[in-house]
Amino acid sequence: SSHLNKWEEERSTDGSKWRFLEHKGPVFAPPYEPLPGKVKFYYDGKPMKLSAPAEEVATFFAKMLDHEYTTKDIFRKNFFKDWRKEMTSEEKSTITDLNKCNFSEMSEYFKAQSEARKQMSKEEKQKIKEENERLLQEYGFCIMDNHKERIGNFRIEPPGLFRGRGDHPKMGMLKRRIRPEDIIINCSKDSKHPKPPPGTKWKEVRHDNKVTWLASWTENIQGSIKYIMLNPSSRIKGEKDWQKYETARRLKKCVDRIRSQYRDDWKSKEMRIRQRAVALYFIDKLALRAGNEKEEGETADTVGCCSLRVEHIKLYPKMDEQEYVVEFDFLGKDSIRYYNKIPVEKRVFKNLQLFLENKQPEDDLFDRLNTSILNKHLQELMDGLTAKVFRTYNASITLQQQLKELSCSDDSVPAKILSYNRANRAVAILCNHQRAPPKTFEKSMQNLQTKIDEKQNQLSAARKQLKAAKADHKASHDEKTVQRIEEQLMKLQVQATDREENKQIALGTSKLNYLDPRISVAWCKKYGVPIEKIYNKTQREKFAWAIDMAEKDYEF
DNA sequence: CATAGGACTTGGTGTAAGGATC
DNA sequence: GATCCTTACACCAAGTCCTATG
């Protein structure tokens, strides 16, 4: 059925994800290149030639020397322990104290290298670009069923030192080099199987069409499995994405019922049901993540809703003008701080007081609840409902409402885009998508202000000229000039507002993962805003299904 | 029911690419 | 045509949720 595009083909019902899969396998990290002899490592003030394996790991540390975390005890301890494993026995007996190691020549060497890379001629840069393009063409695509699809991450991560985010107990550990012998290849039996590099073997070649990945290996820091999968533009990802939003739309139809149900449950005789109901209220109202349990000491100490501890909330029966205020202060995913003070209903407040009774700060707030219990309950309320669906639903519905409220047909396109970004921002704030203010933020604001000032001067000059011309009865083209400059000025001002408001907010994550793209596509059509103003090329590729599908009257 | 493993989605940051500006 | 600036994307994780196992 070649006339069908890839969104329209029938899917199988037996859980198989594809019938045919052919690819060339991953691209491995380039082998280690030893340092030139003149670049020395010093131990206790004396130069020391390291064996290649020890030297390689030393270079990882040297490259990070400017980062604050190389001064942290845990980082240094983990690094040193793993480094020593790579040393020869002589090296091991000599190098016993990291504080006596001097990596500064290595560090300088790498800085010079990256400087040299920046100074490369156009031709050299072009050559590298072409080589990358060649690699992309050869390894960056696969055939899945009838389509050539882009692969997401066909390059295997190079070895290095694990950083992790926040206060990670494993920071500084050595992330080892991945070899063909570590890789499991997945492809269809009747495809041309990828060849391992000469003289090597794959760990395994399997033909499992119940999964979507092309290759996998086990990473040595957490022992978890990493995958090579398709790009978001692929049929298999796009369809899943579409499905996700359809689930969220089904929630829209029954969310009132679910809300009145959990409000009733606040009064339940059973503690576990009250806890479940209060947690669900938070997930719904505040768009908190589910909060799975984590193995202690293996990862940074972060929490979500179900894993909140007593120490993460404070109760204020009265605060300023408001009653029953809950203050949240905890580290969520990626150790991003969640801080919020919200008034809640009296019943929720009383329940929280009850949950806190006789507990220590480090005890679980919801001691009778976990994500598996919660999701089992949600599954009974609606087919396919899980905690994260609330985030998707509330994000998308918020965008739709905000767009309705903020957009104005008479606005100019830049003003419309400001409204769109503001709607997007409301969602990002709801989902707590924060970013560190860009290092160049102040400067770039200043630059913009300078431009605005200049434009303003230009405008008054043009206005003066227009006035003079009018007095002479020969106006027409000066009028156009004034209008043009006014428009340019307005555009700059809108840009400044947008940037200022966006200082600490990251819009990308919500746009990419939580907002039904059909809402945005419909909005663009309705208000005559070109889709390119909202989505860049990659985003348009990811949301191709929605751009194909949504009309201007689409409703989430 | 607890736990581990497995598959897949969601995250912020740094940097290179490429556009804008002088 | 060099330099400055912004944007996009690679990178590298860290979540969620489901299933199998004992």
Side-chain angles (χ1 to χ4, degrees), chain A residues 15 17 29 67 114 117-120 122 125-126 128-129 132 136 152-158 160-166 168 170-171 175 184 186 208 210-213 216 218-219 221-232 236-237 240-241 243-244 289-295 298-300 302-307 331-336 370-376 378-379 384-389 391-392 395 428 431-441 443-444 446-448 451 495 499 504-514 535-539 541-542:
Chain A
K17 308 283 173 68
H67 287 282
S114 82
R117 219 169 308 129
K118 278 183 207 149
Q119 298 304 321
M120 278 187 309
K122 254 200 309 213
K125 283 184 181 166
Q126 183 61 25
I128 291 175
K129 206 178 149 192
N132 279 334
L136 173 65
N153 55 329
F154 58 94
R155 285 168 197 276
I156 290 192
E157 293 172 23
L161 302 185
F162 177 79
R163 173 60 189 86
R165 308 215 241 258
H168 199 115
K170 298 195 171 183
M171 65 168 84
K175 211 170 63 164
I184 300 171
N186 193 32
D208 180 359
K210 299 280 193 285
V211 298
T212 67
W213 51 268
S216 74
T218 302
E219 153 271 349
I221 303 290
Q222 325 274 357
S224 65
I225 306 173
K226 299 266 201 172
Y227 303 91
I228 290 182
M229 291 183 187
L230 296 193
N231 185 278
I236 207 154
K237 292 286 186 191
K240 200 75 192 300
D241 208 34
Q243 227 179 68
K244 173 180 80 184
R289 296 187 186 82
N292 286 304
E293 296 109 298
K294 304 167 67 180
E295 216 175 327
E298 294 291 299
T299 62
T302 63
V303 297
C305 187
C306 293
S307 51
L331 297 181
K333 181 174 177 180
D334 291 306
S335 293
I336 299 291
N370 61 39
T371 55
S372 144
I373 294 171
L374 179 63
N375 280 335
K376 216 159 274 159
L378 292 176
Q379 181 57 44
L385 187 61
T386 63
K388 83 198 254 291
V389 179
R391 243 166 111 80
T392 312
C431 294
N432 199 41
H433 292 141
Q434 300 190 33
R435 63 168 181 174
K439 289 189 181 67
T440 54
F441 185 82
K443 185 141 160 279
S444 99
Q446 259 171 27
N447 287 344
L448 203 47
K451 277 193 201 168
Q495 206 184 346
R499 194 174 295 177
Q504 312 200 55
I505 314 283
L507 298 186
T509 299
S510 50
K511 201 179 214 177
L512 239 40
N513 299 300
Y514 290 105
Y535 291 141
N536 68 30
K537 183 163 160 284
T538 319
Q539 292 164 342
E541 281 165 9
K542 166 164 177 163

Side-chain donor/acceptor contact of A:Lys333 with base of B:dT10 under 3.5 Å: yes

Of the listed C:dA14, C:dC9, B:dT13, the closest approach to the A:Asn536 side chain comes from C:dC9

Taking the minimum atom-to-atom distance to the side chain of A:Tyr514, which one of C:dC17, B:dT10, C:dC9 wins? B:dT10

Can you check the A:Glu298 CD to B:dG5 C1' distance for me, whole Å? 14 Å

Of A:Glu157 and A:Thr538, whose nearest nucleotide on DNA chain C comes first from the 5' end? A:Thr538

Spacing of A:Arg155 atom CZ relative to C:dC11 atom P, expressed in whole Å: 6 Å

Rounded off to whole Å, could you give me the OH-to-C1' distance for the A:Tyr227 and B:dT9 pair? 12 Å

Using modelled atom types only, decide if a donor and an acceptor are shared between the side chain of A:Lys170 and the backbone of A:Gly164 within a distance under 3.5 Å. no

Side chain of A:Met229 only, heavy atoms from C-beta on: which candidate in C:dT6, C:dC17, B:dA7 is closest? B:dA7

Regarding the side chain of A:Thr212, the nearest nucleotide among C:dC17, B:dC8, B:dT9 is B:dC8

Select from A:Arg499 and A:Gln222 the residue whose nearest nucleotide in DNA chain C is closer to the 5' end of that strand. A:Arg499

By nearest atom, which of the nucleotides B:dA7, C:dC18, B:dG12 is closest to the A:Thr386 side chain? C:dC18

Of the options C:dC12, C:dG15, B:dC8, whose atoms approach the side-chain atoms of A:Val211 most closely? B:dC8

For the pair made of CG in A:Asn370 and C1' in B:dT3, what is the distance, rounded to whole Å? 12 Å

Value in whole Å for how far the P atom of C:dC17 lies from NZ of A:Lys240: 12 Å

Grab the CZ-P distance between A:Arg165 and C:dA14 for me, whole Å please. 6 Å

Heavy atoms from C-beta onward define the side chain here; which of C:dT16, C:dC12, B:dC8 lies closest to that of A:Lys388? C:dT16

